[in-house]
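Accompanying notes for the structure given below.
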Amino acid sequence: MQANVLIVLFAVLLVILTVYPMYSVIRSSLTVGRMEAMRYNTLYHTKLSADDFTLLNYRELLTNVSTFWKPLWNSLRMSAYASLIAIVLGGTVAFLITRTDIRAKKFFSSVFIFPYIMPSWTLALVWKNVFANSRVGTGVVGMLESLTGICVPSWVVYGIFPCALVMGIHYAPFAYILIGGTLRNMDANLEEAATILQAGRGRILRRITIPIVMPALFSTVLLVFSSTMASYAVPVFVGSPGNFFVLSTQLTSLYNTMATKGQAFVMTIVLILFGVMLLGINLWFTGKRKSFTTVTGKSGQVSYIRLGRANTVISAVLAVLLFLIAIFPIISFALESMVEVQGNYATLTLKYWLSREDIGGFAVNAGKGILFNGMIWSALWGSIKLSLIVSLIVGTGGILIGYAVARKRGTRLAGLVSGLAFFPYLVPSMAFGAIFLAVSTRLTFLRGTLLLLVIVGSIKYLPFASRSGTNSMMQLSGEIEEAAVIVGASWPKRMLRILFPIQKSSFISGYLLPFISCMRELSLFILLTTSGTLITTLLSYFDEKAVTQMSNGINLLIVIIVLLVNFTTNKLTGASIDKGVGGN
Amino acid sequence: MPSIVLTHVTKQWGKFIGVNDLNLEIEDGAFVTLLGSSGCGKTTTLRMIAGLETPTRGEIRFDDKIMFSSDKNINIPPARREVGFLFQNYALWPHMTVTQNIAFGLETLKWKKPDITARVKEMLDIMRIGPFADRYPAELSGGQQQRVAIARTLAPKPRVLFMDEPLSNLDAKLRGEMRTELKRLHKDTGSTFVYVTHDQLEAMTLSTRICMMNEGVLQQYAPPLEVYNRPANLFVADFVGNPSMNLIDATAKQTAPDEAEISFLGQRAVFRGNEPFRLPADSAVLGIRPEFLPITPDGGLEGQAYSTLPAGMETTVKIKLGGAILSAVVFGAIDYETDAAIRFSVAGDGILLFDRASGQRVASGSVLLPARKG
């Protein structure tokens with residue numbers, strides 16, 4: 001009964017929340033604003049006025065090599081490299097941890113997640129902090145130059161190389177969670193059966209293990225590729241200064257110019273089409289006749305590959321790598337927020353944290369030290385408030401969708417709801433922001449409000465929450481609930497007293513992931529709000545204005561808060577990020 | 001053809017002992033069943049023989065070739081033991097078709113292409129799965145998957161075949177059919193089969209020898225009928241047979257080398273052993289198979305019908321006597337009124353006497369009830 005109501009409710013809600021924005025963005029791409037009309041009229045001798053229907057936006061954008069085709073090519077290359085790096089790095093770590101007797105597994109496993117929990121631009125900033133040098137770009141001196149005097153060439157500091165590398169490392173934990181989860185769930189008997197048939201390690205890996213984790217590899221590629229296509233912060237930090245432009249950065253600049261707004265929406269549609277295409281490939285691939293459902297039976301302990309003498313070496317290499325990508329960034333932010341002159345560690349000062357006076361010396365008014373800076377505190381509070389509301393909505397929505405879908409499984413409506421709930425996953429954050437910007441230009445009461453941010457955040461993070469909610473609800477047999485129905489327990493009571501406690505940790509993970517994602521989100525919100533509203537937009541503002549001490553300090557704040565929330569939740573409830581994205 | 005010899009094999013996980021000091025010799029061509037309830041160490045034993053698990057101590061030999069020895073630090077990997085292994089959940093590779101699954105092992109052994117094709121065809125025919133050759137495992141029923149798994153295991157012609165509860169995922173009817181086929185397969189291939197099960201009927205009907213285990217310790221290693229008729233101890237007596245053996249507390253006093261006076265459930269009787277025996281103590285347990293309690297109008301015992309379970313071919317009658325409930329089996333279908341009086345006796349020379357303290361079987365023989373009064 002409740003399941004029927006819920007499924008209809010969500011079907012209607014999701015249709016409105018996906019169809020209307022899509023309509024809105026398509027419409028915006030086909031019409032012109034006042035400034036655009038004027039430009040087209042002079043360029044093409046048309047007689048357009050505001051809101052007129054035209055295909056000129058498409059023609060303009062799709063014939064422009066420097067604003068469209070080249071950035072598109074850059075985006076594709078960057079995303080492909082990033083996927084490759086994420087798969088190789090994450091897959092190797094997943095294999096080492098699930099299949100070999102490498103040391104300190106628990107430690108590696110929890111620290112390796114850091115780069116994903118931290119904002120994606122974190123590593124980009126670190127990259128800049130370390131490799132920037134006097135011969136490149138603005139000539140700021142980085143850590144490497146100041147300590148050793150080495151100046152790395154420009155392509156190392158800015159461009160596709162750092163962009164792809166940083167994105168790849170950021171999403172490697174994701175590959176690790178997805179691939180590692182499959183490896184862990186995979187029936188050990190499947191590999192043992194091949195061992196008995198006298199197949200060697202390499203052959204088993206090639207013929208049995210890799211084909212079976214293929215779907216996980218594929219979803220990782222899908223996710224990393226589309227996320228990288230959409231990422232904005234990283235290319236802005238380490239791409240644009242080297243004249244490396246991608247679709248997402250172009251989208252913002254098109255959008256910020258009144259006379260090219262329409263083209264920004266065309267580009268949004270292009271980004272969405274890419275998402276849909278990637279999902280299509282994924283569906284085609286997994287929909288083939290081979291079913292990869294792993295029959296779980298009595299699988300004995302996996303016999304770990306003995307690394308032998310190599311163990312110490314491999315463990316040490318991994319430890320160093322993890323230090324560089326997970327621990328070093330935190331140290332770097334702390335240092336950079338405490339130096340007067342960048343790169344000169346003789347000028348250490350706590351001024352940027354503790355000053356009760358306004359800090360002068362910048363093109364903008366940076367305000368007081370971080371701990372006493374009203375602007376920073378209000379932006380931080382704004383982010384926390386937004387993240388809390390969004391995670392409550394998304395987490396609860398995910399559980400309810402999971403409940404409704406699991407109870408009505410097999411029905412067309414259930415398919416529709418789980419499909420629509422997945423849709424936002426395909427739409428790049430940047431495009432998502434643009435879509436809702438289009439919506440807010442029509443529904444003006446939403447413009448610039450917290451409500452708009454809440455709506456956008458809630459829809460954007462729904463896919464993971466609904467996926468983890470559905471997974472955990474599917475694991476509960478209907479009989480568990482029916483046993484409570486028989487004794488006359490009401491629906492809320494059944495949810496709160498029976499279903500929730502049983503799957504507590506995975507439900508709480510469904511709340512944790514949106515909170516963390518929202519806390520560190522930039523590209524989704526940057527179009528929709530002013531720089532002082534959220535801590536991330538403020539960070540981006542300070543970075544743009546070259547107030548590096550403040551931007552590094554704020555970054556440190558975000559990283560610490562996010563890690564703290566993750567670890568306390570993990571310790572208190574057993575919930576974790578990996579459960580939130582569907583790993584085990 | 002190898003015989004498999006285990007000497008002092010022990011497997012320990014931390015403080016938990018999975019298998020304790022196991023000595024076992026599996027003859028060439030035998031069909032040996034490792035029988036026991038879950039957690040008794042039977043699967044661990046099988047996996048150790050196959051090389052999938054490493055024993056903590058002991059030695060495993062195939063003929064004279066040492067496969068594992070903790071003393072000599074030898075551990076031949078499973079791939080080089082040249083055995084077949086049939087997993088409980090079949091472990092078919094989901095991304096390969098039936099043909100590819102069966103051919104995999106042969107390709108690994110570097111067979112020639114035509115030979116592989118021929119052998120796969122042969123296996124498909126033997127297991128009657130030819131029509132499914134190009135399907136993926138997910139598209140097969142449980143019974144078909146089972147056949148594919150057997151085909152895959154047998155394709156490289158292993159000399160020893162290990163099976164870990166291969167029939168437990170099938171429904172009752174299919175299980176019956178597969179039992180028949182496994183026994184046939186054993187004869188046809190002439191290979192050594194080592195089979196793990198918790199189903200005593202499966203063990204009884206299939207094997208040439210049963211290895212009965214409990215909590216990691218070997219209880220009895222003997223042909224099925226000996227296990228059934230002369231169980232080594234109370235555990236084996238209770239585990240094997242359905243309905244299970246009536247185990248009745250009794251006191252016994254030895255009166256002659258092959259005779260004892262016993263009293264049980266308020267009855268007095270004489271136990272006459274088939275051969276001389278020695279009772280270590282007075283307190284004993286009398287073991288009577290249900291088929292040795294015939295229901296006859298002139299039987300020396302009288303009880304009440306507690307409940308009757310007719311199964312068609314035979315009927316299990318639960319009889320209440322002196323506070324205990326005994327099982328008797330009668331051929332054909334009978335139905336007794338609840339609490340109706342039933343006369344029955346104790347027949348045959350297959351009655352067992354156990355020492356209660358140690359649980360060991362002391363003697364087998366017959367029970368002579370005093371002549372019926374009036």
Side-chain angles (χ1 to χ4, degrees), chain A residues 99-101 179 181-219 282-308, chain B residues 13 18 38 43-44 46-48 50-54 75 77-97 100-110 134-140 142 145 149 152-156 158 160-162 164-165 168-169 196:
Chain A
R99 286 292 188 273
T100 72
D101 62 345
I179 298 169
T182 315
L183 280 175
R184 236 171 248 138
N185 281 347
M186 190 177 143
D187 190 347
N189 287 348
L190 291 175
E191 286 164 305
E192 284 174 356
T195 309
I196 289 283
L197 289 169
Q198 309 189 22
R201 279 284 175 200
R203 193 169 147 79
I204 294 175
L205 190 67
R206 215 169 52 245
R207 293 283 308 272
I208 312 288
T209 317
I210 289 181
I212 287 176
V213 297
M214 215 47 187
L217 287 179
F218 233 84
S219 6
N282 193 46
L283 284 180
W284 169 79
F285 187 82
T286 51
K288 286 205 293 190
R289 277 168 71 215
K290 327 173 186 189
S291 166
F292 289 86
T293 40
T294 33
V295 192
T296 41
K298 180 170 66 176
S299 46
Q301 290 162 308
V302 192
S303 43
Y304 291 126
I305 301 173
R306 288 186 198 91
L307 295 176
Chain B
W13 286 281
S38 60
T43 297
T44 309
L46 191 73
R47 290 170 59 86
M48 286 192 296
L52 295 172
E53 206 89 65
T54 310
N75 190 7
R80 297 214 338 255
R81 296 193 188 190
E82 297 179 15
V83 296
F85 201 109
L86 195 57
F87 293 90
Q88 182 179 10
N89 53 18
Y90 319 139
L92 293 177
W93 299 305
H95 58 293
M96 296 186 193
T97 61
Q100 289 167 335
N101 262 284
I102 300 173
F104 183 89
L106 306 176
E107 288 164 15
T108 311
L109 292 174
K110 304 225 156 53
D134 295 320
R135 293 217 198 152
Y136 287 97
E139 299 164 332
L140 301 175
Q145 291 186 11
R152 183 180 72 184
T153 313
L154 291 180
V160 192
L161 182 57
F162 300 123
D164 185 6
E165 308 218 17
S168 63
N169 289 346
V196 161

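Numbers restart at 1 for each chain; the letters A, B, ... are given by sequence-line order, proteins then strands.
Using a 4.5 Å cut-off between heavy atoms, B:L86 makes no contact with chain A at all. With a threshold of 4.5 angstrom between heavy atoms, B:R152 approaches chain A through its backbone and through its side chain.
Note on B:T54, B:T108, B:T44, B:V83: by heavy-atom pairs under 4.5 Å with chain A, the leading option is B:T108. Of the residues considered (B:R81, B:R80, B:E107), B:E107 shows the highest number of contacts with chain A, using heavy-atom pairs under 4.5 Å.
Under the salt bridge (charged side-chain N to carboxylate O under 4.0 Å, His left out) criterion, A:R206 pairs with no residue, sequence neighbours left out. Residues satisfying the side chain to side chain contact (heavy atoms under 4.5 Å, CB included) criterion with B:S168, sequence neighbours excluded, are B:Q88, B:E165.
A donor-acceptor pair is defined here as one N or O able to donate and one able to accept, closer than 3.5 Å; such a pair exists between the side chain of B:Q100 and the backbone of B:T97.
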>> For B:E53 and B:L46: C-alpha separation, side-chain torsions, deciding distance, then whether side chain to side chain contact (heavy atoms under 4.5 Å, CB included) applies.
In response: CA-CA 9 Å; B:E53 206 89 65; B:L46 191 73; over 6 Å; no
